[in-house]
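Inspection log for the structure reproduced underneath, given as structure tokens.
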There are 2 protein chains.
Amino acid sequence: MVTIKDVAKAANVSVTVVSKTLNGYSDVNEDTRRKVLKVAEELKYTPNMLAKNLKQKVTKSIALIFSNFERANGKDGVLFQIMSGIYAAAVDFKYEVVIYTRSLSEQQNISYWKFCKDHKIAGAVVTGLKTTDPYFQEIVNSDFPCVVLDTDLASEHTGSVSTDNVGAAKVAVEFLISKNHRKIGMINGHEFAVVSRQRLEGYKAALSEQDIDFDPTIVVNSDYSEESAYELADSYLQEHRDVTAIFFASDLMAIGFMNRCREIGVRIPEDISILGFDDIVLSSYTTPKLSTVRQNFHKLAYQACEQVIHILEKEEKGRHIMMPFKIVDRETIKEL
Amino acid sequence: MVTIKDVAKAANVSVTVVSKTLNGYSDVNEDTRRKVLKVAEELKYTPNMLAKNLKQKVTKSIALIFSNFERANGKDGVLFQIMSGIYAAAVDFKYEVVIYTRSLSEQQNISYWKFCKDHKIAGAVVTGLKTTDPYFQEIVNSDFPCVVLDTDLASEHTGSVSTDNVGAAKVAVEFLISKNHRKIGMINGHEFAVVSRQRLEGYKAALSEQDIDFDPTIVVNSDYSEESAYELADSYLQEHRDVTAIFFASDLMAIGFMNRCREIGVRIPEDISILGFDDIVLSSYTTPKLSTVRQNFHKLAYQACEQVIHILEKEEKGRHIMMPFKIVDRETIKEL
DNA sequence: ACGATAATCGAAAACGTTTTCGAACGAAGG
DNA sequence: CCTTCGTTCGAAAACGTTTTCGATTATCGT
């Protein structure tokens with residue numbers, strides 16, 4: 001291991017000037033600067049980050065924090081896209097990314113703040129955080145640079161980025177309406193998830209704008225999972241024979257529902273139209289191919305990571321970033 | 001920030017004994033040990049990993065290295081499963097995992113060894129490495145703890161873990177044969193990928209064991225991607241009307257092929273039987289559902305991570321670990 | 001009571017940096 | 001020639017640990 005001391009010796013200067021030239025200080029003569037640079041190059045010197053960080057009490061690593069790998073079972077691949085987006089931003093800004101999962105019990109054991117300090121991370125992007133999670137409150141009034149996905153927090157040091165959920169939901173059901181659907185059901189996610197509320201809001205907005213009565217009996221809460229929607233399909237179909245289209249808060253639920261439909265012989269889209277949300281990769285491979293509204297998770301995560309870096313480097317204030325969406329109509333919507 | 005010095009002062013001892021009690025040295029009195037522990041608890045002391053690592057010249061972080069996020073586009077979700085497996089092992093052994101992608105140009109710029117040293121990583125698990133990649137040779141004779149996925153390297157400090165590819169391929173086509181197929185084609189991956197070679201070897205073994213002639217014209221090399229198989233479907237089907245079943249070296253290729261089949265009206269499995277490899281999540285969602293041989297990527301990655309840790313902690317020698325497979329027959333194989 | 005042995009502790013060096021602050025030197029101004 | 005100032009450099013402290021090794025005390029056998 002070649003240290004700063006070695007290059008100092010080889011260049012016939014003190015470690016101080018080596019450190020200074022390497023860090024762009026001005027009080028070093030042009031000639032010696034060149035000499036040092038040359039020697040450092042020859043010796044293939046690279047700074048010891050541990051020592052550097054120890055001294056300056058700061059690292060160049062941002063953390064990706066989410067609840068756990070199991071819950072994010074990867075079927076939908078969104079966590080992967082998020083990772084890829086964060087990583088892309090990290091390399092662009094010369095950061096490293098280290099991943100952490102914090103289960104409920106872990107969250108209770110040690111505080112968010114302490115966790116970040118302990119691990120000497122510069123900033124964090126958090127996803128999959130429920131408003132009921134212990135870390136939620138901690139994060140909103142923390143002085144630790146952080147942006148959380150799929151919420152609309154914004155404070156001094158914490159920002160957020162999410163798709164324009166209410167807008168997306170609104171144009172989604174407007175699209176359904178444009179296909180002459182009037183009785184449009186909705187299968188939503190967890191009641192207390194902020195995206196669920198936003199999606200519901202958009203749903204209602206579209207209806208009211210078109211003078212369609214909001215019928216609370218045909219919107220039901222589920223849990224975003226494929227299985228839940230699969231199981232709820234029978235009774236829903238039974239009880240609401242008049243709905244001609246259903247808007248799902250996630251593709252996974254739409255797919256679970258469709259699976260049950262196939263089993264019991266209700267045809268899609270002939271008997272009922274389906275509109276999902278997310279555009280996960282699965283959605284292009286079902287038969288029929290799922291119509292849905294696309295979120296760009298990669299870009300969303302990139303923005304998130306970029307924002308943490310900005311708030312920790314340029315001391316920007318946290319803010320909420322809204323990402324565009326796009327409705328992609330495939331084969332599960334029938335025009336009436 | 002509460003340092004070791006603070007707890008030393010509060011406990012009326014030297015920093016030395018604090019460090020010693022915290023690190024389980026034996027030469028500290030039971031009473032003082034208790035006192036120190038109590039104080040440390042009260043002060044919520046947590047060691048500064050940077051300082052600790054700087055001193056001991058070693059970190060507790062293992063790196064996940066692969067070529068890049070784009071190439072591993074995540075459609076198949078296997079990289080995600082690998083991540084999850086590695087992460088699981090890492091937390092079990094109290095390591096952190098930091099992810100790196102090293103593009104070809106990056107590999108040429110700075111050596112694998114230097115890279116590892118610079119980033120102060122304890123060990124690495126590498127995936128998606130082609131034998132032609134610059135890092136390949138470097139890794140096989142490096143003294144850096146490392147295990148690489150999907151190869152069968154084994155040396156002092158580097159191990160490997162992979163599914164039993166030749167075994168899997170063998171029983172796969174044996175299964176096809178048991179369904180009375182005799183003219184079995186194969187769509188393989190890159191010719192120079194070690195898994196491709198192994199899968200081909202298994203394919204041949206099964207044939208020869210059943211006294212079926214190996215017909216090189218019906219096995220073709222592709223590149224593991226969906227698109228490539230999609231494009232090759234037309235001509236393959238045209239030229240080899242007598243093959244009744246095809247064994248694919250990846251589910252993705254099988255799916256691409258099936259898509260083309262649907263478009264041109266060849267029915268699966270009535271007209272041709274399809275057997276994939278991997279069991280990615282997509283495979284359960286196609287119609288018909290893809291029959292395939294399952295690799296447990298999560299467990300495979302877990303083993304890999306566990307092995308690096310063993311070789312770096314217990315100084316075990318690197319070795320090759322072979323993981324079991326399982327053929328799962330769904331709806332794309334017809335018995336003749 | 002004496003030396004030997006064991007148990008417990010702490011001073012200090014070290015890890016590889018950054019950064020403060022003063023020293024040395026030459027040039028310029030009077 | 002003396003002062004002042006700017007430029008360039010280096011000694012040393014600091015970051016928070018670990019670890020060596022010597023010092024101190026207690027115990028014990030004789």
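Just so it is clear: chains get the letters A, B, ... in the order the sequence lines come, proteins before strands, and each one is counted from 1.
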Does A:S61 offer a backbone N or O that forms a donor-acceptor pair with the side chain of A:E96 under 3.5 Å?
no
Students should find that the nucleotides of DNA chain D closing off the region near chain A, any atom under 4.0 angstrom from a heavy atom, are D:dT8 to D:dG16
Would you tell me whether B:Q81 and B:S84 have side-chain atoms, one donor and one acceptor, within less than 3.5 Å of each other?
no
Rounded interatomic separation in angstrom, taking CG from B:D31 and P from C:dA7
16 Å
Starting at the 5' end of DNA chain D, which residue's closest nucleotide do you reach first, B:L22 or A:T32?
A:T32
What's B:N53 touching, base or sugar-phosphate or nothing? Going by heavy atoms closer than 4.0 Å.
nothing
Tell me what B:D27 touches on the nucleic acid: a base, only sugar-phosphate, or nothing, going by heavy atoms under 4.0 Å.
base
What does B:T3 touch in the nucleic acid at a heavy-atom separation under 4.0 angstrom: a base, only the sugar-phosphate, or nothing?
sugar-phosphate
Ignoring hydrogens and geometry beyond distance, is a side-chain donor-acceptor pair present between A:E106 and A:S103 at under 3.5 Å?
yes
Which is more 5' along DNA chain C, the nucleotide nearest B:V17 or the one nearest B:A51? Just name the residue.
B:V17
With heavy atoms under 4.0 Å as the rule, sort B:S19 into base, sugar-phosphate or nothing.
base
Check for me whether B:R102 meets the cation-pi criterion with B:F115, that is, NZ or CZ under 6.0 Å from the six-membered ring centre and within 45 degrees of the ring axis.
yes
Indicate, with a heavy-atom threshold strictly under 4.0 Å, whether A:K57 touches base, sugar-phosphate, or nothing.
sugar-phosphate
Any Lys/Arg nitrogen of B:R34 or B:D31 sitting under 4.0 Å from an Asp/Glu carboxylate oxygen of the other?
yes
Which residue lies toward the 5' end of DNA chain C, A:P47 or B:V13, if each is placed at its nearest nucleotide?
B:V13
Nearest 0.5 Å please: distance from the NZ atom of B:K60 over to the CD atom of B:E313.
5.0 Å
